[in-house]
Amino acid sequence: MPPLIVAFAALAALDIAGVAAGLPPLEWIAKPLLAPVLAVHLWRLTGTRHVPVLAGLGFAAAGDVTLMLPGRVAFVVGIAFFLGAQLCWTAAFLRAGALRYLRPRRRLCAVHLAVWVAAVAALAPALGPVLGTAVAVYASALVTMALTARVLGRRAAWGGLVFLASDLLVGLGAAGADFPGRAALVMVTYTVALALIATAFTTAEARQADGMPFADQTMPMTRATTSGTPGGGTP
């Protein structure tokens with residue numbers, strides 16, 4: 001297993017332990033480093049070929065820090081940062097051919113639309129007009145990311161679905177529907193989703209290097225749109 005993935009797993013375990021035990025110092029040590037460690041891992045393997053993914057991880061890191069702060073203002077700002085993350089990742093999946101992949105899959109698109117409608121209908125009334133609107137906008141971007149992620153195959157698809165589950169748990173907490181263990185479950189699902197999405201791109205390039213299609217789709221991702229792999233690394 002790559003050292004940076006081992007480091008990410010250790011940080012994730014430390015953060016989850018901090019959340020479960022109610023120890024904020026552990027969270028402050030581990031959580032801000034989660035997305036940056038994955039970004040460095042991706043950058044070392046693929047260089048600048050996946051800038052939107054790297055940017056999304058940067059937004060996620062900012063959102064992680066902001067959401068540890070108290071208050072509704074911090075919550076809304078955190079949503080804004082994660083909105084940026086979802087838009088960046090969606091852009092990366094669109095670059096990989098998501099539109100062509102999804103065009104004949106209208107039923108799949110309809111299911112994701114139904115998930116968005118159901119989630120907003122359930123959460124928005126309890127959140128109030130301002131926060132409810134913010135969550136509705138964010139949820140639309142999140143569902144779109146999860147849908148377009150399918151272009152990279154099962155790893156990315158599961159990453160999108162688990163991210164949906166994680167943020168649904170966050171929304172339940174914001175709406176006052178808390179339950180024991182919810183906060184720890186949020187972090188378990190979030191860290192799993194983050195790792196799946198980030199590593200989906202390195203896995204895709206590894207499959208292409210072996211002469212295999214990286215997903216069940218009709219438009220392959222170009223393997224080297226730029227030549228800038230830092231340190232002479234290879235996908």
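Heavy-atom basis, side chains included; hydrogens, waters and symmetry copies ignored.
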| query | Do Val135 and Val115 share a hydrophobic cluster, counting only Ile, Leu, Val, Met, Phe, Trp and Tyr and linking them when any side-chain heavy atoms are less than 4.5 Å apart? | reply | no
| Which pairs pass side chain to side chain donor-acceptor pair (under 3.5 Å) with one or both residues in residues 107-116, sequence neighbours excluded? | none
| message | For residues 126-153, which residue pairs pass the ring-ring contact (aromatic ring centres under 6.0 Å, His included) check, not counting sequence neighbours? | response | none
| Whether Thr46 side chain and Trp43 backbone form a donor-acceptor pair below 3.5 Å | no
| To the nearest 0.5 Å, how far apart are CG in Asp167 and CE in Met145? | 8.0 Å
| note | Heavy-atom nearest pair, Ala200 first then Ala156, reads CB-CB, 3.7 Å
| Residues which pass side-chain contact (heavy atoms from CB on, under 4.5 Å) with Ala35, listed by chain and number, not counting sequence neighbours | Leu57, Ala60, Ala61, Leu194
| note | Residues joined to Val111 in its hydrophobic cluster, side chain to side chain under 4.5 Å directly or through other members, sorted by chain and number, are none
| request: Flag yes if Val53 and Leu87 sit in one hydrophobic cluster, no otherwise; membership is Ile, Leu, Val, Met, Phe, Trp, Tyr, and two members link when side-chain heavy atoms are under 4.5 Å apart. | output: yes
| remark: Going by chain and number, the hydrophobic cluster around Trp28 (ILVMFWY, side chain to side chain under 4.5 Å) further includes Val65, Met68, Leu69
| task | Would you mind reporting whether Trp89 and Pro52 have side-chain heavy atoms less than 4.5 Å apart? | result | no
| task | With sequence neighbours excluded, give me every ring-ring contact (aromatic ring centres under 6.0 Å, His included) pair touching residues 164-190. | result | Phe82-Tyr190, Phe163-Tyr190
| request: To the nearest 0.5 angstrom, please state how far the CG atom of Leu11 sits from the CG atom of Leu38. | output: 9.5 Å
| said: Please say yes or no: joined through hydrophobic side-chain contacts below 4.5 Å, possibly via intermediate residues, are Leu123 and Val137 part of one cluster? | reply: yes
| task | Return the minimal non-hydrogen interatomic distance between Ala30 and Leu14, and the atom names on each side. | result | CB-CD2, 3.9 Å
| query | Between Val143 and Leu113, is any pair of side-chain heavy atoms under 4.5 Å apart? | reply | no
| field | Pairing residues for Val76 by the side-chain contact (heavy atoms from CB on, under 4.5 Å) criterion, not counting sequence neighbours | value | Leu131
| Looking at Pro125 and Ala121, what are the two nearest heavy atoms and their distance? | CD-O, 3.3 Å
| said: Suppose we screen for side-chain contact (heavy atoms from CB on, under 4.5 Å). Which residues come up paired with Leu102, at least two apart in sequence or across chains? | reply: Leu108, Cys109, Leu147, Thr148
| said: Arg182: which residues meet the salt bridge (charged side-chain N to carboxylate O under 4.0 Å, His left out) condition with it, sequence neighbours left out? | reply: Asp178
| said: Rounded to the nearest 0.5 Å, what separates atom CD1 in Ile79 from atom OG1 in Thr66? | reply: 11.5 Å
| Do Phe93 and Phe201 come within less than 4.5 Å of each other through their side chains, counting heavy atoms only? | yes
| field | Working for side chain to side chain contact (heavy atoms under 4.5 Å, CB included), residues Val19 and Val186 | value | CA-CA 10 Å; Val19 172; Val186 166; over 6 Å; no
| When hydrophobic residues are tied together by side-chain contacts of less than 4.5 Å, even through go-betweens, does Leu34 share a cluster with Leu185? | yes
| note | Separation between CD1 (Ile16) and CD (Glu27), nearest 0.5 Å, reads 11.0 Å
| Does Leu42 reach the side chain of Arg49, with side-chain heavy atoms less than 4.5 Å apart? | no
| message | Testing the basics here: between Ala195 and Thr199, what is the closest heavy-atom pair and its distance to 0.1 Å? | response | O-OG1, 2.6 Å
| query | Between CD of Gln86 and OG of Ser140, what distance do you get to the nearest 0.5 Å? | reply | 10.0 Å
| field | Partner set under side-chain contact (heavy atoms from CB on, under 4.5 Å) for Leu4, not counting sequence neighbours | value | Val37, Val40, His41, Arg44
| field | Taking every non-hydrogen atom, the tightest pair across Leu152 and Ala96 | value | CD2-CB, 4.1 Å
| Min side-chain heavy-atom separation Phe59-Asp64 under 4.5 Å | no
| Is Arg105 close enough and on-axis enough to Tyr101, meaning under 6.0 Å and within 45°, for cation-pi? | yes
| Is it the case that one hydrophobic cluster holds both Leu67 and Leu172, taking links as side-chain heavy atoms less than 4.5 Å apart, direct or via other members? | yes
| field | Pairing residues for Thr189 by the side chain to side chain donor-acceptor pair (under 3.5 Å) criterion, not counting sequence neighbours | value | Ser166
| With a 4.5 Å limit on heavy-atom distance, are the side chains of Val6 and Pro3 in contact? | no
| request: Would you mind reporting whether Lys31 and Leu26 have side-chain heavy atoms less than 4.5 Å apart? | output: no
| field | CG on Leu169 to CG on Leu164, rounded to 0.5 Å | value | 11.0 Å
| Who are the side chain to side chain donor-acceptor pair (under 3.5 Å) partners of Thr90, not counting sequence neighbours? | none
